[in-house]
Amino acid sequence: MSIDAETLIDWFGTSARDLPWRHADCTPWGVLVSEVMLQQTPVARVLPVWQQWLERWPKPSALASATQGEVVRAWGKLGYPRRALRLHTAATAIADEHGDEVPSDVDTLLGLPGIGAYTARAVAAFAYGRRAPVVDTNVRRVVARAVHGAGEAGPPSTNRDLRDVEALLPDGPDESCAARFSAALMELGALVCTARNPRCADCPIFDTCAWQKAGRPAYTGPARPTQRYGGTDRHVRGLLLDVLRGTTEPVEKARLDLAWPKAGQRDACLDSLLADGLVEQTADGRFALPGEH
DNA sequence: GACTCGTGGAG
DNA sequence: TCTCCAAGAGT
């Protein structure tokens, strides 16, 4: 079973959210910034930060001119702050090596830090209308259900997933049809074909959905390991970085020591933040966001 | 392929 | 409360 592209694209036209990075006047740079911010981070949390970034750094060269510390600070609490550093590095490469223009082909995009299989194709498709399979968690779930009749997608397998979705891309009158189809597939997964409590009554492709036809069988594949957060290194790193985000001046080690009671874990996390370039030590031994002193 | 890497809202 | 999960990437 396949997915009827015209039906899905029509639904997208009437039901899609009005997101600023989908506006016709949004630049490829704006699309790229949105895609990186949206990696594992909900739309609602990205929206205000994206607006601020595009006002402050409207071109890759503008971001490249900022310090790493400014970029990490402006990233705020979007999570996974290494994304901010990678985006800064990518912006520098785009400014220096690509004439300040975001590349439009997948292979070149893949060469930039922080841009992987999903983001490269999302930028090529959504910013430039290129034909490329765009596979995120939404798409994998929709395809698992509508095409394969499974309750959930199994564990991701990049190459298999790409081939899987490639086969579904429509041959429309122009190349951008495939991109619009991909955007619609993602939007369906985000709004209707959700992970929990899918709203099948509102689904535009209900009639052809393989999962419905099979009687909505429960997922039988391997359960995803539940990810804890409290007490993990991720948690501690977040606490330490939050201290530095909250100050302009470098802080003493003793100040960071207040953030987490376990000294061993705390120091290891501080070391990893230093190694990642998210934190810097000043000449007098204090700590700060990088490049701000 | 299995881990690691933040954060906070929803159910 | 606690579990789930949100447009992934890098190692």
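Throughout, protein chains are lettered first and strands after them, A, B, ... in sequence-line order, and every chain is numbered starting at 1. Hydrogens, waters and symmetry mates are skipped; everything else that's a heavy atom, side chains included, is used.
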Could you tell me whether A:S34 contacts a base, only the sugar-phosphate backbone, or nothing, with contacts defined as non-hydrogen atoms closer than 4.0 Å?
nothing
Indicate whether OP1 or OP2 belonging to C:dA9 is found under 4.0 Å from a side-chain N or O atom of A:R83.
no
For A:W21, report the nucleic acid contact type (base, sugar-phosphate, nothing); a contact means any heavy atom under 4.0 Å.
base
Classify A:G116 by what it touches in the nucleic acid, base, sugar-phosphate, or nothing, heavy-atom distance under 4.0 Å.
sugar-phosphate
Distance, rounded to the nearest Å, where A:E35 contributes CD and C:dA6 contributes P
16 Å
Protein-nucleotide distance (A:N138, atom CG; C:dC5, atom P), rounded to Å:
12 Å
Looking across every strand, which nucleic acid part, if any, lies under 4.0 Å from A:A195 by heavy atom: base, sugar-phosphate, or nothing?
sugar-phosphate
Which part of the nucleic acid, if any, lies within reach of A:R140 when heavy atoms closer than 4.0 Å are counted: base, sugar-phosphate only, or nothing?
nothing
Have a look at A:R196 and say if it touches a base, only the backbone sugar-phosphate, or nothing, with a 4.0 Å heavy-atom cut-off.
base
Pairwise P distance, B:dG11 and C:dA7 [rounded to whole Å]
15 Å
So what does A:A117 touch, heavy atoms closer than 4.0 Å: a base, only the sugar-phosphate, or nothing?
sugar-phosphate
Just checking, any donor-acceptor pair under 3.5 angstrom between side chains of A:E35 and A:Y118?
yes
Spacing of A:L109 atom CG relative to C:dG8 atom C1', expressed in whole Å
15 Å
Heavy atoms only, 4.0 Å cut-off, all strands: where does A:P81 land among base, sugar-phosphate and nothing?
sugar-phosphate
Under 4.0 Å, counting only non-hydrogen atoms across every strand here, what does A:P113 touch: a base, just sugar-phosphate, or nothing?
sugar-phosphate
For A:R131, does its backbone N or O pair with a side-chain atom of A:Y128 as donor and acceptor, under 3.5 Å?
no
Using a cut-off of less than 4.0 Å, is there contact between a side-chain N or O of A:Q40 and OP1 or OP2 of C:dG8?
yes
N or O in side chain of A:R86 less than 4.0 angstrom from B:dC5 OP1/OP2
no
Grab the CG-C1' distance between A:L240 and B:dG6 for me, whole Å please.
13 Å
How many Å lie between CD on A:Q39 and P on C:dA7, as a whole number?
12 Å
Give me the distance, rounded to whole Å, that separates C:dA9 from B:dG8 when you measure between the P atoms they each carry.
22 Å
Is the backbone N or O of A:G231 less than 3.5 Å from a side-chain atom of A:W260, with the two atoms forming a donor-acceptor pair by type?
no
Pick base, sugar-phosphate or nothing for A:D233, based on heavy-atom distances below 4.0 Å to the nucleic acid.
sugar-phosphate
Are A:T158 and A:D161 close enough that a side-chain donor and a side-chain acceptor fall under 3.5 Å?
no
Between B:dT7 and A:Y80, is there an OP1 or OP2 to side-chain N/O distance shorter than 4.0 Å?
no
Checking side-chain polar atoms at under 3.5 Å, does A:T41 have a donor or acceptor matched by the opposite partner on A:R83?
yes
Roughly, in whole Å, what's the span from CZ in A:R45 to P in C:dG8?
13 Å
Has the side chain of A:Q39 got a donor or acceptor atom that lies under 3.5 Å from a matching backbone atom of A:G114?
yes
Among the nucleotides C:dA7, C:dA9, B:dT7, whichever has the atom closest to the side chain of A:M186 is C:dA7
Does A:K77 place a side-chain N or O at less than 4.0 Å from the phosphate oxygens OP1/OP2 of B:dG6?
no
Can you see if the side chain of A:T119 gets near the phosphate of C:dA9 - specifically, an N or O under 4.0 Å from OP1 or OP2?
yes
Starting from C1' on B:dG6, measure out to CZ on A:R82 and report it in whole angstrom.
10 Å
Just compare C:dA7, B:dG6, B:dT7 and give me whichever is closest to any side-chain atom of A:R245.
B:dT7
Whichever of A:S157 and A:L278 has its nearest DNA chain B nucleotide further upstream toward 5':
A:S157
Determine: side-chain N/O of A:R141 to OP1/OP2 of C:dA6, distance under 4.0 Å, yes or no.
yes
Value in whole Å for how far the P atom of C:dA9 lies from CG of A:N159:
13 Å
What about A:T41, does its side chain sit under 3.5 Å from the base of B:dG6 through a donor-acceptor pair?
yes
What contact category does A:R160 fall into here, base, sugar-phosphate, or nothing, at under 4.0 angstrom with non-hydrogen atoms?
nothing
Contacts of A:G114 and A:E187 projected onto DNA chain C by closest heavy atom; the upstream (5') one is A:E187
Donor-acceptor pair, distance only, cut-off 3.5 Å: does the side chain of A:R140 make one with the backbone of A:G154?
yes
Side chain of A:L19 only, please: which of C:dG8, B:dG11, C:dA7 is the nearest?
C:dA7
Describe the nucleic acid contact of A:L78 in one word from base, sugar-phosphate, nothing, applying a heavy-atom distance below 4.0 Å.
base
May I ask you to say what A:L87 touches in the nucleic acid, namely base, sugar-phosphate or nothing, with a heavy-atom cut-off under 4.0 Å?
nothing
Any chance the rings of A:W75 and A:W53 have centres within less than 6.0 Å?
yes
